Number of protein chains: 2
Amino acid sequence: MPPLLSIDLHAPLPAYRQIVDAIRTHLVNGALQPGDLLPPVRRLAIDLGVHFNTVADAYRILAEEGWLDLKRRRGALVLARTAPRPIDPAVAASFARRLRELVAEVRAAGVTRPRILRELRLIAKGLES
Amino acid sequence: MPPLLSIDLHAPLPAYRQIVDAIRTHLVNGALQPGDLLPPVRRLAIDLGVHFNTVADAYRILAEEGWLDLKRRRGALVLARTAPRPIDPAVAASFARRLRELVAEVRAAGVTRPRILRELRLIAKGLES
DNA sequence: GTTGTTTGTACATAGACAATATACAAATAA
DNA sequence: TTATTTGTATATTGTCTATGTACAAACAAC
């Protein structure tokens, strides 16, 4: 069974942000469902090789986004988040640019066009459902 | 006429990296062609509202990637970059994940599925040519 | 009830990173 | 020869990241 997430301590993106991004993806995709409990910060921290406060920071950001309810002793509970937030205009406006920049970066790094197209279509297919 | 690039000084991504990403996108897309000259670091720095050394850092990264030739007095010249670099396996391997995380982030921020699909297809179309 | 254990929280600190200030070096034109 | 325009080098300052450590709350065991 694959681990919930893994991070790269040498990546340019800071660890706490990698944790947020990975967990948020699971939440959006439904791999993490309302009612689920995330691992305690100390446990996940050991698995990832970081300090538990780094995981706690990530959990807090996700809680502020409305995904989690944090409580001592019980842990991090995944919420229903019935009414998704109103559109964040900054994120919406920058999406196209960020997507172009990501594709440009991997093209510049030598990833072939067919491979990029394959991933783009895979994502699109998953969104259509 | 739109400016060559603009950055957001309050974004989580550091300024020098935003500059690199924006210019690299123009280079990959062909909006910047071999033989073109980029603005002097002091000029672009004023336009963006940063220190000229921040722009100089960005130019140096792009030069190391093989896109630019930097020379005093003449400025930053766009190169042909005939033989693209060998595939960077780390970038290639993480592309799918980063794409999923970007889409998850904007979905979480309220961007609608049709809009995301539109952008994905737009990019894909541009790649097919 | 008291105590111990398991959780998240708060805050201070060390280190890494980003942005700037300032001085310098090279190339070219006047 | 001198002035100007460019990129370069290095030290410094400030911000961000990750950690160390102590604390607080909730619950179970007894």
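Below, chain A is the first sequence line, B the second, and so on; all start at residue 1. Since we're looking at a predicted model, the values are computed, not measured.
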Among the candidates [options], find the nucleotide nearest to the side-chain atoms of [X].
X: B/His51; options: C/dG8, C/dT20, D/dT19; answer: C/dT20
X: A/Arg72; options: D/dT21, C/dA18, D/dA25; answer: D/dA25
X: A/Arg42; options: C/dG4, D/dT19, C/dT9; answer: C/dT9
X: A/Thr54; options: D/dA18, D/dG7, C/dG4; answer: D/dA18

query: Can A/Glu119 and B/Arg100 be counted as an ion pair, charged N to O under 4.0 angstrom?
result: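 Answer for the salt bridge query: no.
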- prompt: Can B/Glu128 and A/Arg121 be counted as an ion pair, charged N to O under 4.0 angstrom?
  reply: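 Looking at B/Glu128 and A/Arg121, the cut-off is met.
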message: Would you say B/Ile116 ends up clustered with A/Val28 if hydrophobic residues are merged whenever their side chains have heavy atoms under 4.5 Å apart, either directly or through other cluster members?
response: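 Hydrophobic grouping puts A/Val28 apart from B/Ile116.
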Give the rounded distance in Å between these two atoms: [atom1] of [X] and [atom2] of [N].
X: B/Leu77; N: C/dA27; atom1: CG; atom2: P; answer: 16 Å
X: A/Phe52; N: C/dC11; atom1: CZ; atom2: C1'; answer: 12 Å
X: A/Ile61; N: C/dG8; atom1: CD1; atom2: P; answer: 16 Å
X: A/Leu70; N: C/dT6; atom1: CG; atom2: P; answer: 20 Å
X: B/Leu13; N: D/dC16; atom1: CG; atom2: C1'; answer: 14 Å
X: A/Ile19; N: D/dT19; atom1: CD1; atom2: C1'; answer: 13 Å
X: B/Arg74; N: C/dT28; atom1: CZ; atom2: C1'; answer: 13 Å
X: A/Arg73; N: C/dT7; atom1: CZ; atom2: P; answer: 7 Å

- request: Please check the phosphate of C/dT9 (OP1 and OP2 only) for any side-chain N or O of A/Arg60 closer than 4.0 Å.
  value: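 Result: yes.
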message: Students often get this wrong, so: under 4.0 angstrom with heavy atoms, is B/Tyr16 touching a base, only sugar-phosphate, or nothing?
response: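 B/Tyr16: backbone/sugar contact only, no base atoms under 4.0 Å.
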task: Select from A/Asn53 and A/Lys71 the residue whose nearest nucleotide in DNA chain D is closer to the 5' end of that strand.
output: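 On the 5' side of the pair lies A/Asn53.
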message: Ring of B/Trp67, cation from B/Arg81 - is the NZ or CZ under 6.0 Å from the centre and inside 45° of the axis?
response: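 Judged by the rule (NZ or CZ under 6.0 Å from the ring centre, within 45° of its axis), B/Arg81 counts as positioned above B/Trp67.
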- prompt: Counting heavy atoms not belonging to A/Arg74, are there more than 12 under 6.0 Å from its CZ?
  reply: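 Yes.
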